[in-house]
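Lettering of chains follows the sequences in order, A, B, ..., and the numbering in each one begins at 1.
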Number of protein chains: 2
Amino acid sequence: MSSTSTPARGRPARLDPVRTVETALDLLDQSGLEALTMRRLADAMGVQAGALYRYFATKQDLLTAMAERMLAGLAESDGEATDGDWCEQLAALAHAMRAALLAHRDGARVFAGTHSTGANTLRFADRLVGVLRDAGFTDEEAARALFAVVNLTVGHTLEEQAARQPESGAPAAPEVLRAAVTAGSYPHLSATLPTLTSTDFTPHFEFGLGLVTEGLRVRRG
Amino acid sequence: MSSTSTPARGRPARLDPVRTVETALDLLDQSGLEALTMRRLADAMGVQAGALYRYFATKQDLLTAMAERMLAGLAESDGEATDGDWCEQLAALAHAMRAALLAHRDGARVFAGTHSTGANTLRFADRLVGVLRDAGFTDEEAARALFAVVNLTVGHTLEEQAARQPESGAPAAPEVLRAAVTAGSYPHLSATLPTLTSTDFTPHFEFGLGLVTEGLRVRRG
DNA sequence: ACCTGAACACCGTTCAAGT
DNA sequence: ACCTGAACACCGTTCAAGT
């Protein structure tokens, strides 16, 4: 927290990109994505809104920096001890990414809305692709499996966070779905309602991830 | 286009929900999600912005109605001729959903940002779950497979549409990724760059979908 | 070099008042 | 019943001017 990274003389700058992104993530956790405005962030930094544009050309850039920050330490989450086979390593990476997104309110929405090509993002992707290439998969297969795992993980996390926090005043998502399904004639949805409205998302995620890894195992022969 | 569904006497209402949603989708296709504002939609309907709120309590409700409208005819896309085994039927449904989202500019973003429980959405989900239940899967498995397929499909379509339309002025997504990867040391990403930067998204989607269906096949035994 | 102050061009939403 | 007009409380972004 002390200014160990402020080499400049004179009055220290009130605005530095790292602290700004951290403050933005704090604001996100406290109030959600809707309430994260450049003006409110500027307020939290003790500065005018326009000053932010010296470090972030656009709000989208700020959001991208936040997404990148969320993945800090992701690629090294399991250390260099590459225990387990490629299947377990793949699952561990996916679980780590899910945890990173769930760690911040609306984390999945921020991530899905940006396209970071920062070091944290690329190192993670490189490790995931590396696990698959080392396991004997084709370059093409490894790259496409990356898409599948990331898309599945982001998609599930998006759903999970959306279900957790309904718009204030409205009933929670599971209740809305239950009402809609029972009002119409959807025999298969009715039969599966308990699972569809379950708020325990971890088994849902693990099922989807299991399908993908199983599919990969088959494809490798 | 003629007013066949206007039972009211006197001056016909300028605003009816169905035409409003259709106009909103037209506006979306022409200018994208960013440019879709209540004011611009009102303009296109020849009305003041406030008038829209008699039919849609909130912009979010309008977007939800648009998402629901996008899936019109999805559940019946293959007719009642249930040709092929459950695997082919599942793939056909996923492909139909992808096509429905790709049919509108930013279609995936609109869908991902809403939670429709309308008839088109529920009929589609009911059919997908039905295919799996009829194939012998557990209620729990069927429901969770629905999540996996939908999340994968939405995730892939989100990526595809994001890659197609970069923010004006900026270079396209593949070029940004190529530059970032070659700038750092990411051996596995470098090796798979041709696939990672490919703009042909159909094989990417089919690979991911293939993994899921293969995984389901294994799980059924 | 870095930030302020103030403006520009918008937003979503509400609601009295008209017809 | 349905829409207008006008306002409220904001937005992201820009940029001269200050220090």
Asker: Restricting to salt bridge (charged side-chain N to carboxylate O under 4.0 Å, His left out), what partner residues turn up for B/Arg109, sequence neighbours left out?
Answerer: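 Here the qualifying residues are B/Glu34, B/Asp106.
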Asker: Distance between the C1' atoms of D/dA16 and C/dC2, in whole angstroms?
Answerer: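 Comparing C1' positions in D/dA16 and C/dC2 gives a spacing of 14 Å.
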Asker: Answer yes or no: is there a donor N or O on one side and an acceptor on the other, between the side chain of A/Arg98 and the main chain of A/Thr157, under 3.5 Å?
Answerer: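 No, because the side chain of A/Arg98 does not come within donor-acceptor range (under 3.5 Å) of the backbone of A/Thr157.
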Asker: Would you mind listing every ring pair (Phe, Tyr, Trp, His ring centres under 6.0 Å) that reaches into residues 181-203 of chain B, with sequence neighbours excluded?
Answerer: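 Of all non-adjacent pairs touching residues 181-203 of chain B, those that pass ring pair (Phe, Tyr, Trp, His ring centres under 6.0 Å) are B/Phe201-B/His204.
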Asker: Any chance you could lay out the side chain to side chain contact (heavy atoms under 4.5 Å, CB included) test for B/Val154 and B/Met97, step after step, and finish with the verdict?
Answerer: CA-CA 9 Å; B/Val154 174; B/Met97 178 169 192; 4.0 Å; yes
Asker: Between C/dC3 atom C1' and A/Leu41 atom CG, what is the distance in whole Å?
Answerer: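 Between C1' of C/dC3 and CG of A/Leu41: 15 Å.
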Asker: Taking the C1' atom of each, how far is C/dA9 from D/dA9, in whole Å?
Answerer: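 Roughly 16 Å separates the two C1' atoms.
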Asker: Heavy atoms from C-beta onward define the side chain here; which of D/dT13, C/dT13, C/dC3 lies closest to that of A/Leu15?
Answerer: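 In terms of side-chain proximity for A/Leu15, the closest of D/dT13, C/dT13, C/dC3 is C/dC3.
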Asker: Rounded to the Å, how far apart are B/Met45 CE and D/dC3 C1'?
Answerer: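 One finds 13 Å between C1' of D/dC3 and CE of B/Met45, rounded.
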Asker: Just how far, in rounded Å, is P of D/dT19 from CZ of A/Arg14?
Answerer: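 Spelled out: CZ on A/Arg14 to P on D/dT19 is 14 Å.
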Asker: I'd like to know if A/Glu175 and A/Arg178 make a salt bridge, using a cut-off of under 4.0 Å between side-chain N and carboxylate O.
Answerer: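 Yes, charged N to carboxylate O under 4.0 Å.
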Asker: Using atom CG of A/Asp43 as one end and atom C1' of D/dC11 as the other, report the distance to the nearest whole Å.
Answerer: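 One finds 14 Å between C1' of D/dC11 and CG of A/Asp43, rounded.
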Asker: Between C1' on D/dC3 and CE on B/Met38, what's the gap in Å once rounded to a whole number?
Answerer: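 Rounded to the whole Å, the gap is 15 Å.
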Asker: With sequence neighbours excluded, what pairs up with B/Glu159 under the salt bridge (charged side-chain N to carboxylate O under 4.0 Å, His left out) test?
Answerer: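 Per chain and number, B/Glu159 pairs via salt bridge (charged side-chain N to carboxylate O under 4.0 Å, His left out) with no residue.
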Asker: So, is B/Arg40 near the phosphate of C/dC11, with a side-chain N or O under 4.0 Å from OP1 or OP2?
Answerer: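 Indeed, a polar side-chain atom of B/Arg40 lies that close.
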Asker: Please list residues of residues 105-118 of chain B whose heavy atoms come under 4.0 Å from any atom in DNA chain D, ordered by number; otherwise none.
Answerer: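 DNA chain D contact set from residues 105-118 of chain B: none.
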Asker: Within the 3.5 Å criterion, strictly below it, is a donor on B/Ser31 or B/Arg105 matched to an acceptor on the partner's side chain?
Answerer: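 Side chains of B/Ser31 and B/Arg105: no pair found under 3.5 Å.
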Asker: Can a salt bridge be assigned to the pair A/Arg127 and A/Glu76 using a cut-off of 4.0 Å between side-chain N and carboxylate O?
Answerer: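 Looking at A/Glu76 together with A/Arg127, the answer is no, because their closest N to O distance does not fall below 4.0 Å.
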Asker: With distance as the sole test, does A/Gln161 use its side chain to make a donor-acceptor pair with the main-chain N or O of A/Ala108 at under 3.5 Å?
Answerer: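 Looks like yes, one N/O pair under 3.5 Å.
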Asker: Which parts of residues 50-58 of chain A get close to DNA chain C, meaning a heavy atom less than 4.0 angstrom away?
Answerer: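 The answer is A/Ala51, A/Arg54, A/Tyr55.
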Asker: Report yes if a side-chain nitrogen or oxygen of B/Gln48 is closer than 4.0 Å to either non-bridging phosphate oxygen (OP1 or OP2) of D/dG5; otherwise report no.
Answerer: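 Answer yes for this pair, as a side-chain N or O of B/Gln48 is under 4.0 Å from OP1 or OP2.
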Asker: Report the distance from atom NZ of B/Lys59 to atom P of C/dT13, rounded to the nearest whole Å.
Answerer: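 Taking NZ of B/Lys59 and P of C/dT13, I get 8 Å after rounding.
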Asker: Minimum heavy-atom separation for A/Ala143 to B/Thr192, with atom names?
Answerer: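 That would be CB-CB, 4.0 Å.
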Asker: Between B/Glu141 and B/Arg133, is there a side-chain N and carboxylate O pair less than 4.0 Å apart?
Answerer: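 No.
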Asker: How about A/Ser116 and A/Thr121: does a side-chain donor come under 3.5 Å of a side-chain acceptor?
Answerer: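 Looking only at side-chain atoms, A/Thr121 and A/Ser116 do form a donor-acceptor pair, the distance falling under 3.5 Å.
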Asker: Using a 3.5 Å cut-off on both pairing distances, which stems of three or more Watson-Crick or G-U pairs include DNA chain D?
Answerer: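 DNA chain D stems, ordered by first number: C:4-8 with D:12-16, C:12-16 with D:4-8.
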Asker: Can you work out whether B/Ala49 or A/Leu36 has the more 5'-proximal nearest nucleotide on DNA chain D?
Answerer: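 Result: B/Ala49.
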Asker: Quickly work out the A/Gln60 CD to D/dT13 C1' distance and round it to whole Å.
Answerer: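 Result: 15 Å.
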Asker: Rounded to whole angstroms, how far apart are CD on B/Glu34 and C1' on C/dC11?
Answerer: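 So the two atoms are 13 Å apart, to the nearest Å.
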